[in-house]
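Here the structure is laid out as structure tokens; the discussion comes afterwards.
These values consider heavy atoms only, across backbone and side chains, with no hydrogens, waters or symmetry-generated copies. Letters go in sequence order (proteins before strands), and every chain restarts at 1. All values derive from a computational prediction rather than experimental measurement.
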2 protein chains.
Amino acid sequence: MNKFHEIFLDLEQKILANEYPPQSLLPSENQLIKIYGVSRETVRKALNLLTNAGYIQKKQGKGSFVLDFKRFDFPLSGLTSFKELQQTQAITNETIVTTLKKATVSPTVQKLTSWDKSAEVWELVRQRRIDGEVVILDKDFLLTDIVAELPIEKAEDSIYEYFENELNLEIAYAKKEIEVEPVTKEMKDLMDLRPEDSHVIAVKSLVFLEDTRCFEYTESYHRLDKFRFVEFARRRKV
Amino acid sequence: MNKFHEIFLDLEQKILANEYPPQSLLPSENQLIKIYGVSRETVRKALNLLTNAGYIQKKQGKGSFVLDFKRFDFPLSGLTSFKELQQTQAITNETIVTTLKKATVSPTVQKLTSWDKSAEVWELVRQRRIDGEVVILDKDFLLTDIVAELPIEKAEDSIYEYFENELNLEIAYAKKEIEVEPVTKEMKDLMDLRPEDSHVIAVKSLVFLEDTRCFEYTESYHRLDKFRFVEFARRRKV
DNA sequence: TAGTGGTCTAGACCACTAT
DNA sequence: TAGTGGTCTAGACCACTAG
């Protein structure tokens, strides 16, 4: 593994273990050079990862302050998926696959993805039950050209884990969009909505591989009272 | 200005001007070294900025592909504020300040911010009218220790511009949270809600300076049908 | 094999913060 | 003034992609 990534993981672990508590300063870059036996640029790459992840804040002439990350308790930014969420949260939950079939791409999805009109896709619908209630409904469309097989056991687990570890797909980036949509019949049927629920949160994503091909389009519907999105953002001068 | 930032801006401009169209390759790092007369690490820093902003995707052995950013039409990630949004969108809009006063910090806000219990804050409430309707309501709490004066003209414009350009505050990062909340009487009074609107989207933010002090807490309420949040996210190995 | 990006080094100069 | 982080360089070696 990369040196700078190793150093990042080591510092991250030490921060989480309170070896470097909030408000304290990390060792200076010169000290870190000696501690890890690497060059300054390598140390700085590790510190950049910590900065972007919201662990530290650097100040010229002073040093790297450890931030109070406990306030950032639900980091859902980046490309995190439902399966990974479960692990950080301690929720009792269950996934039920209600649809898993090959189909031709619908005009709506074709437009969004720019896939070939004749493209074949996996159509996957999953209920996400948390604490006994179906509060999330996931709809996935996946190019069969790229994902040839999609066993139902994998769909019940994490499809991303399957893609990355078994199919060796390199997922690179995604465009996400959060909106509010009126409840449809399908949602009424498949989700445990309350009488007063007239709307759901819709999280729509286009997911791309490292070679810039879009291989997945996802719509994730969340019951209003169960939706929460937390993000750590750095100021970007415009 | 930094060389790598200059190079980033130049490449960004050329991408936006279609000089480097989507799907095409940027000049290789070695070529960029010659073009800009800088070292490789400097070129790579510029390319990293482009990568994080979603302009390009690099591939070892191949090069830097320009992405089709037009699909990412509403980049609201980072710390963008309402005023900056207006400029990218062409919306007719108006800001009306309904409250601007000094007050002691409320227990709720005190808890979230960890401000001193005796702290004094600016309490600012603003209606955001878009195309004739008040669809956003912004509530701001600002430490008077840090923001001593808050003229109403500034509040009607962009408080961030005022903070950064006139008070020389260095805004560094923020924690944002998106949730759904039931409509309150205040929202009914100050927003143009429809009879069926029982909920609003609440975007709550803690905003921090470069010295890690939290100086602002904001709640921004959006009418459901007018809310949209778009994000470009890179895959983060867990 | 030649060209690409990914990592790493050792050293330099600068700007900022403290004392 | 000494120590910090911010920028930049010139060069090295490696891994990947292509013809």
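When the side-chain nitrogen and oxygen atoms of Lys59(A) are compared with OP1 and OP2 of dC16(C), none of them lie within a distance under 4.0 Å. In this model, the phosphate group of dT4(D) is approached by a side-chain N or O of Ser28(A) to a distance below 4.0 Å at OP1 or OP2.
Here dC14(C) presents its C1' atom at 12 Å from CZ of Arg44(A), a figure rounded to the nearest Å. Summarising the geometry, the separation between OH on Tyr36(A) and C1' on dC8(C) is reported as 17 Å, rounded to the nearest angstrom. Across the protein-nucleic acid pair, Asn2(A) atom CG and dT9(C) atom C1' stand 15 Å apart, rounded to whole Å. When the P atom of dT7(C) is taken as reference, atom CD of Glu29(B) falls 11 Å away, rounded to whole Å. Distance, Arg40(A) CZ to dT4(D) P: 10 Å, rounded to whole Å. The distance from atom NZ of Lys3(A) to atom P of dA12(D) is 18 Å, rounded to the nearest whole Å. For the pair Asp211(B) CG and dA18(C) C1', the computed distance is 16 Å after rounding to whole Å. Rounded to a whole Å, the CD1 atom of Ile33(A) is 11 Å from the C1' atom of dG5(D).
Two residues, Thr42(A) and Lys62(B), neighbour DNA chain C, and the one matched to the more 5' nucleotide by heavy-atom proximity is Lys62(B). Nearest-nucleotide positions on DNA chain C for Glu41(A) and Pro27(B) put Pro27(B) closer to the 5' end.
In this pair, Tyr160(B) and Phe163(B) present their aromatic rings tilted. The plane angle is within the 30 to 60° band.
Atoms OH and CG, on Tyr162(A) and Leu167(A) in that order, are 4.0 Å from each other to the nearest 0.5 Å.
When each of Phe215(B), Tyr217(B), Tyr173(B) is checked for a ring-ring contact (aromatic ring centres under 6.0 Å, His included) with Phe208(B), only Tyr173(B) meets the rule.
Side-chain to base pairing of Gln60(B) with dC14(D): no donor and acceptor N or O lie closer than 3.5 Å to each other.
Summarising the base pairing, dT1(C) is matched to dA18(D) through a Watson-Crick or G-U wobble pair whose two defining distances lie under 3.5 Å.
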task: Apply salt bridge (Lys or Arg N to Asp or Glu O under 4.0 Å) to the pair Glu164(B) and Arg235(A), showing each step before the final yes or no.
output: CA-CA 11 Å; Glu164(B) 292 192 319; Arg235(A) 177 67 168 167; 3.0 Å; yes
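In the model, Thr212(A) has no side-chain atom that pairs as donor or acceptor with a side-chain atom of Gln57(B) under 3.5 Å.
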